[in-house]
Amino acid sequence: MKVIIAEKPSVGREIARVFGANTKREGYIEGKGYTFTWAFGHLLQLAAPQEYGYYGWSVQNLPMLPPKFKLSIRKVRTKEGLVDDPGVKKQLDIIKALFDEATEIIVATDAGREGELIFRYIYYYLKCKKPFKRLWISSQTDAAIKDGFRNLKPGSDYDTLFNSAHCRSQSDWLVGMNATQALSLASGNKGVLSLGRVQTPTLAMICARYLENRDFKPETYFQVAIFPDKDGQSFKAIADKNFKTREEAQAVFDGVGPTGNIASVEAKPRKEPPPLLHDLSSIQQEANKKKGFTADQTLGILQNLYEGKLVTYPRTGSRYIGDDVFAQVPGLIAGLTEHSDFGKQATVLADAKLSKRSVNAKKVTDHHAILPTGEKPWQLSPDQQAIYDLVAGRMLEAFHGDCIKEITKITITSGHKFIASGTVIRTAGWRAVFNDPEDDKKDEDNAALPKVTQGEDLPIKEKTILEKQTKPKALYNEATLLKALETAGKEIEDEELREAMKAGGLGTPATRAAIIETLLTRNYILREKKNLVPTPTGLAVYQVVKDRRIAQAELTGSWEKRLEEIRSGASVNEFQEEIKAYTREITQELLRSGKAVVLQPA
DNA sequence: GCAAGGTC
């Protein structure tokens, strides 16, 4: 008997279906001489410190450097404290029984570092010795699955991938557990002050932005605006530069005559391509902006829709689909023609040539972008409907045509040079789907400008001096923080360039919501309206760690570089020794400097 | 009491 093990039930069932196996058992499916089973993500984790004999929280134990790491069953929190997750225990027993019967194992966990780790931890925990082969596919269409099974790889081809995954896991444990205990103990052991490779740089980003915002000194500046009139339609034009003093502005203001002369009119079309399909992070940002949902709420609702088979796998980091999935898109679009909000756009799109901007098999990583499955939604709650609509609506947008705008710039002379700019949408294209007002519109912009010709003189009906202030960068909210985490704090507006930077991001799509929740649970940050702001505790922790590597996104970057080298065969030992050395160093530093964190009474 | 990673 051959046993196929997937990372999660949905994939296990999908593969079984392709094989035509349909005898459903508890925790697995049988048929055609195969058995299909699955994990639920990580079933095993590195054991807690006490399992190596480090009892309690004590300076004497630090740094904790277990000579050999142990694995333990994933835990859940109950009234009695942490206990083995019963569902996980049960599935692990099922897997053990199947592995015992197996002649061969086929590893079908996700094609990536963590997928490899999920299987290997199970295999080694169960002390299994059966031979295994690896299925390596990046899309779960029938063709991709069949093709993958014709090209199974020797399991040992992925030994170095496992090594890199295991190193990632151990390094996070060593640095996180030790730094957390060191800081907590140094500050008087009055509560948990957690630190980690991902959570601490995230906290640092929130604190740095908060302080920058708080200490920002606004500067006053002046603008001069005139309102020329063309056949009863007046529009706003602004002096071509801003002024530091009211006197300078006043001089320009006084120089404005009764009429203005049209010096030039420029009108040029600008194409705005459709947005890419959603990955988890982008839909979390969108749901936060449009509906005020937290990242965690959006993930929960998506998981729900996914379990109801209404949307594809949500924890994806890719905004692309392959050609095989693209072949199903016309059918999915046709299925939306009855939708109450954008059925009309689905109908329009059904006869149109589809944009292929989101189609690129090379940019599909473990999972493709989020799509509706084509199943008809039924009795959705308002929140579920809202998220479903973001998925379905984005699909329509992504395959729609460009939005074509006309950008008009009119230069008017009246003592000084004034500029009026206006944007008019000529062809809505993808923007017709939601028909939302644009969020990045500048207030200098006129919606529409009257037709004027060069050389014309227009009466100026009104003129004014505007007193304005420079503004600090906005505090982070969940949407802007998620976006910043994707590029580790570097602000990159261009959507495609940001895609290319993803390898250098902080955390993964599946974990970012949890990171934000951890910072909230630790009372490091709180939600103030939609903003995320640090608490006094968060700021105190930040002050202690801000110049240390643990607070910098570059720590992840430098680890990732080494992990990639390990994947291609470099020494594991050397990296592990470096991590141990760093663990000793950060532990000592925190024990010394952590006293500075004085916890505020709650 | 603690990390980050995955998922029901």
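Note that these values count all heavy atoms, side chains included, but never hydrogens, waters or copies made by symmetry. In what follows, every chain begins at residue 1, and chains take the letters A, B, ... in the order their sequences are listed.
- Although no hydrogens or angles enter the test, the distance criterion places no donor-acceptor pair under 3.5 Å between the side chain of A/Arg168 and the main chain of A/Leu563.
- Under the 3.5 Å distance criterion, with hydrogens and angles disregarded, a donor-acceptor pair is assigned to the side chains of A/Gln60 and A/Ser58.
- At a threshold of 4.0 angstrom between heavy atoms, the contacts of A/Gly507 are confined to the sugar-phosphate backbone, with no base atom among them.
- Note on A/Glu114: only backbone sugar-phosphate atoms sit closer than 4.0 angstrom, heavy atoms only; bases stay farther off.
- Judged purely by atom type and a 3.5 angstrom limit, A/Arg549 has no side-chain atom pairing as donor or acceptor with the backbone of A/Tyr582.
- Residue contacts shown for A/Arg113 are absent, as no nucleic acid heavy atom lies under 4.0 Å away.
- The neighbour count for A/Lys8 NZ, taken as heavy atoms of other residues, nucleotides or ligands under 6.0 Å away, is above 12.
- Nucleotides of DNA chain B lying under 4.0 Å from heavy atoms of chain A occupy a range whose first and last members, 5' to 3', are B/dG1 to B/dC8.
- Non-hydrogen atoms lying under 4.0 Å from DNA chain B are contributed by A/Arg168, A/Ser169, A/Asp172, A/Trp173, A/Gly176, all within residues 158-176 of chain A.
- Dense packing is recorded around CD of A/Gln50, with more than 12 heavy atoms of other residues, nucleotides or ligands lying under 6.0 Å away.
- As judged by a 4.0 angstrom heavy-atom cut-off over every strand, A/Pro49 is placed among the base-contacting residues.
- Across the interface with DNA chain B, nearest-nucleotide mapping of A/Ile118 and A/Leu185 shows A/Leu185 to be the residue nearer the 5′ end.
- Between A/Val88 and A/Leu46, the residue whose closest nucleotide on DNA chain B is further toward the 5' end is A/Leu46.
- Heavy atoms of A/Gln45 sit under 4.0 angstrom from at least one base atom.
- Across all strands, A/Tyr54 comes closer than 4.0 Å to no nucleic acid atom at all (heavy-atom distances).
- Residue A/Glu116 is classed as having no contact, given no heavy-atom separation below 4.0 Å to the nucleic acid.
- The ring of A/Phe119 has its center closer than 6.0 angstrom to the ring center of A/Tyr123.
- Partners of A/Ser282 under the side chain to side chain contact (heavy atoms under 4.5 Å, CB included) rule, at least two apart in sequence or in another chain, are A/His278, A/Asp279, A/Arg319.
- Looking only at distances, a side-chain donor or acceptor of A/Asn288 sits under 3.5 Å from a matching main-chain atom of A/Phe293.
- Within residues 562-581 of chain A, no residue is approached by DNA chain B to less than 4.0 Å at the level of any non-hydrogen atom.
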Verdict with supporting geometry, A/Glu564 and A/Lys561, salt bridge (charged side-chain N to carboxylate O under 4.0 Å, His left out)
CA-CA 5 Å; A/Glu564 181 51 30; A/Lys561 186 165 172 289; over 6 Å; no

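- Among the protein residues, A/Asp110 comes within range of the sugar-phosphate backbone only, with heavy atoms under 4.0 Å from sugar or phosphate atoms but none that close to a base.
- Residue pairs meeting the ring pair (Phe, Tyr, Trp, His ring centres under 6.0 Å) criterion with at least one member in residues 55-94 of chain A, sequence neighbours excluded, are A/Tyr52-A/Phe69, A/Phe69-A/Trp173.
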Just distance, no hydrogens or angles: give the donor-acceptor pairs under 3.5 Å from side chains in residues 176-183 of chain A, sequence neighbours left out.
from, atom 1, to, atom 2, distance (Å)
A/Asn178, OD1, A/Met64, N, 2.5
A/Asn178, ND2, A/Met64, O, 2.9
A/Asn178, ND2, A/Leu174, O, 2.8
A/Thr180, OG1, A/Gly176, O, 2.6
A/Thr180, OG1, A/Leu195, N, 3.1
A/Thr180, OG1, A/Leu195, O, 3.3

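- Here A/Thr511 lies in heavy-atom contact (under 4.0 Å) with a base.
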